[in-house]
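As a basis for the values below, the full set of heavy atoms in this structure was taken, side chains included, without hydrogen atoms, waters or symmetry mates. Order of the sequence lines sets the chain letters (A, B, ...), proteins ahead of strands, with each chain counted from 1.
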Amino acid sequence: MLDLNFVCENRDAVEENCKNRGVKLDLNRLVELRDQRSEWIQKGDELRREQKEVSGQIPKAKDNDERQTFIAKGKELREEVSTAEAKQKEVEEELFDLLKQIPNMTHPDAPIGEEKDHVTLRTWGDIPNYDYKPLDHVDLAEKHDLIDFEAGTRVAGHGFYFFKNEAVLLEMALVQFALTKLRQKGFTLYSTPDLAKDEVLEGTGYIPRGPETQIYSITGTDLSLVATAEITLGGSMKDQIVEHADLPLKMAGLSHCFRTEAGAHGRASRGIYRVHQFTKVEIFAFTAPTLEASDAIHQEIVDIEEEIFQELKIPYRVIDTPTGDLGGPAYRKYDLEAWMPGRGEAGEYGEVTSASNCTDFQARRLGVRTKVPEQKGNQFVHTLNGTAVAISRAMIAVLENHQQADGSIMIPEVLRLWTGVDKIG
RNA sequence: GGAGAGAUGGCAGAGUGGCCGAAUGCACCGGUCUUGAAAACCGGAGUGCCAGCAAUGGUACCGGGGGUUCGAAUCCCCCUCUCUCCGCCA
């Protein structure tokens, strides 16, 4: 969420930003509502002031007549106050509903445009030339009995799967590899709840229970299944004031991720590329409220993501996400797209990580603040999130990139400590 | 799941209808004293919202929501959380 007064005072810039991000909103209405809100607050404050004054007179009244007069006046004021409060609430409901729909401002260097207008910042690794037709992960999994899609469907429906045999070892190894690396780099490790309160989801910018929601919710409770540990790690500091000296808080969280993938039917989704549940190690950071501080961590997160895929020996490219594809909270977002030899006709890049700087957009809604030395008042911190390893996507990249001409799959060196085997098949 | 106790400012902890945004202590900041520090003493200090260029003023906030009342930290109802005991359980 942006700051209300910021929006009203920078209408042109906010409007331009909405346009770039493909969001249509009526900012005139917002300003109108802001003004109405001020008026009702002022009216209510004044009425309450009178109310206090009148009720303060009652114990000092000199006779019963005067007393009754004050009581009558007090009753009258109580009615007026409650009217003003109702009006204020009504205005605020519409106001904040609008405000919440406004996306974050955007980094000036982020490419403007839609998904197809993305900018490739750099590529790493050579895309191999195969003298045979490489299999995709579905065929590889079948060949080596690694994923049971039928069982997944029987148990939970389309979009669910069982990992089997070496795939389970690989999942655990990828998790261990990511967590160990992040710990070495000074991140505090967490394994986090798989459910969170709706208000926490909303605080991080996710919208549970809507008509096209990506979120599974638990009926009869205010809990939903998390789509990422970004939600739980961000929510972990809800309404807290963080010591400035403790920033940045660098966290790594392990959780399952659940996504309905509503509206995703028909998009390329063979195998485990787009599934309803997967395991993920997520990176999250709270930083001091300056772009210097959060940009620095943003870079650090991308560096770690690249290091992980380099050590897994998987070719990738880094994408600077264009405005139209940023999502609400992000100020800037980089994606890693790994080469997937079995994808499409002759291999394609597929998204495996993302890294977002959300500046103070999530922190405002979550109420995470810090007191900056030499400055008065508290300020909202900046938050960032990034993928260390999303198992389903990483699994595809590992299986497809490390397949051999004889159909076997080599386990990347860095994972063998945990898999205990160095080859599948 | 059952029984009981509790939730007040950064922390501890008073406060049972108006004199309470709230005593007191600790911690914190400024000063006096001191060669310096400590101690002692003096003073300051919460968060949000609204108005204002600002100084400032107003208002709200005693776990959350609702109610009673002219007036609620204080009375009533609901909820959440914490602690203790019992049961169940990976």
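Closest approach to the A:R78 side chain among B:rG71, B:rG48, B:rU59 is made by B:rG71 (side chain taken as heavy atoms from C-beta onward). Checking B:rG48, B:rC49, B:rC70 against the side-chain heavy atoms of A:R37 singles out B:rC49 as nearest. Here the side chain of A:R67 is nearest to one of B:rG48, B:rC70, B:rC50, namely B:rC70. Among B:rG71, B:rA51, B:rG18, the nucleotide with an atom closest to any side-chain atom of A:Q42 is B:rA51. Of the listed nucleotides (B:rC70, B:rU59, B:rC50), B:rC70 has the atom at the smallest distance from the side chain of A:K75.
In RNA chain B, runs of at least 3 consecutive Watson-Crick or G-U pairs, each pair with both distances below 3.5 Å, span B:1-7 with B:80-86, B:10-12 with B:24-26, B:28-32 with B:40-44, B:46-51 with B:56-61, B:63-67 with B:75-79.
Remark on RNA chain B: of its neighbouring residues A:Q88 and A:P59, the 5'-side contact belongs to A:P59, judged by nearest-heavy-atom nucleotide.
For the residue pair A:Y316 / A:E305, no side-chain donor-acceptor distance below 3.5 Å is found, with atom types taken as modelled. Between the side chains of A:E230 and A:Q362, a donor-acceptor pair is found at a separation under 3.5 Å. For the residue pair A:H298 / A:Y331, no side-chain donor-acceptor distance below 3.5 Å is found, with atom types taken as modelled.
Spacing of P atoms, B:rA51 relative to B:rG67, comes out at 27 Å, to the nearest Å.
Remark: A:V31 pairs with A:C8, A:R11, A:R34, A:D35 by the side chain to side chain contact (heavy atoms under 4.5 Å, CB included) rule, at least two apart or across chains.
Of the side-chain N and O atoms in A:K52, one or more sit less than 4.0 angstrom from OP1 or OP2 of B:rA60. In terms of phosphate contacts, A:R48 brings no side-chain nitrogen or oxygen within less than 4.0 Å of OP1 or OP2 of B:rG58. Contact between the side-chain N/O atoms of A:S38 and the OP1/OP2 oxygens of B:rA51 is found at a separation under 4.0 Å.
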